[in-house]
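Note that these values count all heavy atoms, side chains included, but never hydrogens, waters or copies made by symmetry. Chain letters run A, B, ... following the sequence lines, proteins first, then strands; residues in each count from 1.
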Amino acid sequence: MPELPDAVVYRRRLADAALDRPIADATVVDPLILGDGLEPHRLGEVLRGRTLTDTHRHGKHVFVRYGEETGWLALHFGMTGRVQVVPDGTMPEYAYVQVHFEDGGALAFECPRKFARVRLVDTPDAFVEAKDLGPDARRADVDAFLAPFASRRGAIKGRLLDQSVVAGLGNIYADEALYQEGIHPRTTVPELSETDLRGLYDAIQRVLDAAIAVDADPEALDPDRFMLPHRYGDEHCPKTGVPLDTETVSGRTAYFSPTRQSPPK
DNA sequence: ACTGGCGCCTGTTTGC
DNA sequence: TGCAAACAGGCGCCAG
């Protein structure tokens, strides 16, 4: 579930509470969480005696700089990942990667389902380039957002989930943006006009801003304006009252309002 | 070059 | 009531 708004919350959390605290050690409880061949012992070697000095975010990735030279942690949260800064002695259950500060506190990187990954990267930009991530969904201007759609033809839902098209949207916020704009998730890109796509861009901005404003808790969104609180509740369209419909699109469950989002011909 | 679909993971929910 | 199957979903990989 962690998508762009969650990454915003986690980055802020680290910027507020994890920087400038000397690191005593790093603990890797489950090496599966380490990505790109990172060896468990290497994390401690790299971090020991240093401090975290800066943070960055691109799409669903959070980056944390260690030391003064090139060298960042890249955090990706998969489906159940999250990061907390905890006082001594309160390590949560699924904290598979831990960074312990000399003052006794720690950074806990949790992920019960083990889809999350911790990597070491040179710089955020180099990582974004290597992973072929598209522009960040919240920082991209409308022209940068529109550009990749010129060469796409599949279902819009699948394109919004493709991180090389635009980085940061996942299943639930893609559904919400399509709902806001009245676009059926199975509509193909060629079936959408430039006006449709510009409207979708605006909807994405509104949805992400609203989600960030409630600390990425989808159930805390205004239930009169957004579909998400109803996805986990009564499953009715807040604007028309009809039951929400579901359909598998691009391999994932899409929720939509059948009266507001007409299927493509 | 681009697309949809499957499998990885395991805690939680659903169904018989 | 209990247990198994289904589900959640980001993403790497694969076949078409």
Under 3.5 Å, which protein N or O atoms sit close to an N or O of nucleotides 14-16 of chain C? Give each pair with its distance.
none

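- Nearest-nucleotide assignment on DNA chain C puts the 5′-proximal partner with A/Tyr255, out of A/Lys131 and A/Tyr255.
- When the P atom of C/dG10 is taken as reference, atom CD1 of A/Ile33 falls 16 Å away, rounded to whole Å.
- For the pair A/Phe149 CZ and B/dT3 P, the computed distance is 10 Å after rounding to whole Å.
- Of the N and O atoms on the side chains of A/Arg65 and A/Thr53, not one donor lies less than 3.5 Å from an acceptor on the other residue.
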Below 3.5 Å is the cut-off: list the nitrogen or oxygen pairs between protein and nucleotides 8-10 of chain B, distance only.
{"residue": "B/dT10", "atom": "OP1", "partner": "A/Lys114", "partner atom": "NZ", "Å": "3.0"}
{"residue": "B/dT10", "atom": "O2", "partner": "A/Arg113", "partner atom": "NE", "Å": "3.3"}

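- Listed by first and then second residue, the side chain to side chain donor-acceptor pair (under 3.5 Å) pairs that reach into residues 90-99 of chain A are A/Gln98-A/His100, sequence neighbours excluded.
- The nearest whole Å value for the distance from the CD atom in A/Glu219 to the P atom in C/dA8 is 15 Å.
- With axes fitted over five pairs at each extremity, the angle between the ends of the helix from B/dC2-C/dG16 to B/dC16-C/dG2 is 60° (10° resolution).
- Taking the six-membered ring for Trp, A/Phe63 and A/His58 have ring centres at least 6.0 Å apart.
- Heavy-atom distances under 4.0 Å link DNA chain C to A/Gln163, A/Gly170, A/Asn171 of residues 155-171 of chain A, given in residue order.
- The ring-ring contact (aromatic ring centres under 6.0 Å, His included) check on A/Tyr179 picks up nothing, with sequence neighbours excluded.
- A straight line from CZ of A/Arg82 to P of C/dA8 spans 21 Å, rounded to a whole angstrom.
- Put simply, A/Ser151 has a side-chain N or O that comes within less than 4.0 Å of OP1 or OP2 on B/dC2.
- Contact annotation: A/Thr253 reaches the phosphate of C/dA8 (side-chain N/O to OP1 or OP2, under 4.0 Å).
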